[in-house]
Asks: 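Have a look at this one before I ask anything.
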Amino acid sequence: MSAAIELAAGVSGSLGSVGYGLAAIGPGIGVGIIFGNGTQALARQPEAAGLIRANQILGFAFCEALALIGIVMPFVFGR
């Protein structure tokens, strides 16, 4: 048990970067899902390319906003 506490104490200096690494997982998965499904939709219905592309860009912007919030939070709540 004490080894785990010593390890946690050594990591405490870079918790902001660890937190951002964890916060970047969700938007990364979201962007992959958005563009993967958008590609499938374009292959199935090429005549709706404009609408599909607009929805892809909107979804991408929302996912990237989450990633940017993840960058800012360690600075906001930092010591």
Side-chain angles (χ1 to χ4, degrees):
M1 183 68 168
S2 66
I5 293 173
E6 289 175 17
L7 181 62
V11 175
S12 67
S14 62
L15 282 179
S17 59
V18 171
Y20 175 66
L22 293 174
I25 292 172
I29 292 171
V31 167
I33 290 171
I34 287 168
F35 285 109
N37 289 336
T39 303
Q40 286 182 1
L42 284 170
R44 293 175 187 223
Q45 225 173 0
E47 65 273 6
L51 180 63
I52 293 168
R53 192 169 295 117
N55 286 332
Q56 277 184 323
I57 291 171
L58 186 63
F60 176 74
F62 286 141
C63 283
E64 287 302 312
L66 290 175
L68 291 174
I69 290 170
I71 288 175
V72 171
M73 282 303 124
F75 294 113
V76 171
F77 294 116
R79 291 186 239 174

Asks: More than 12 heavy atoms of other residues, nucleotides or ligands under 6.0 Å from CZ of Phe62: is that the case?
Replies: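 Count not over threshold, so no.
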Asks: Using the rule that Ile, Leu, Val, Met, Phe, Trp and Tyr join whenever any side-chain heavy atoms are under 4.5 Å apart, tell me whether Val31 and Leu68 fall into a single cluster.
Replies: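 No: no chain of side-chain contacts under 4.5 Å links Val31 to Leu68.
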Asks: Tell me the closest heavy-atom pair linking Pro27 and Cys63, and the distance in Å.
Replies: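 Heavy-atom minimum between the residues: CB-O, 3.4 Å.
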Asks: Under 4.5 Å between any side-chain heavy atoms of Gln56 and Phe60, yes or no?
Replies: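 Result no, sub-4.5 Å side-chain heavy-atom pair not found.
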Asks: Tell me, please, which residues at least two apart from Leu51 pass side-chain contact (heavy atoms from CB on, under 4.5 Å).
Replies: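 Per chain and number, Leu51 pairs via side-chain contact (heavy atoms from CB on, under 4.5 Å) with Asn55.
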Asks: Drop me the distance from Ile52's CD1 to Thr39's OG1, to the nearest 0.5 angstrom.
Replies: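 So the CD1 of Ile52 and the OG1 of Thr39 are separated by 9.5 Å.
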Asks: Determine, using the 4.5 Å side-chain heavy-atom cutoff (strictly less than), whether Ile69 and Val76 are members of one ILVMFWY cluster.
Replies: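 Yes; tracing contacts between hydrophobic side chains, which count when under 4.5 Å, links both residues.
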Asks: Got a sec, which residues hit side-chain contact (heavy atoms from CB on, under 4.5 Å) with Ala49, two or more places apart in sequence or on another chain?
Replies: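 Once residues adjacent in sequence are excluded, the partners of Ala49 under the side-chain contact (heavy atoms from CB on, under 4.5 Å) criterion are Leu42, Arg53.
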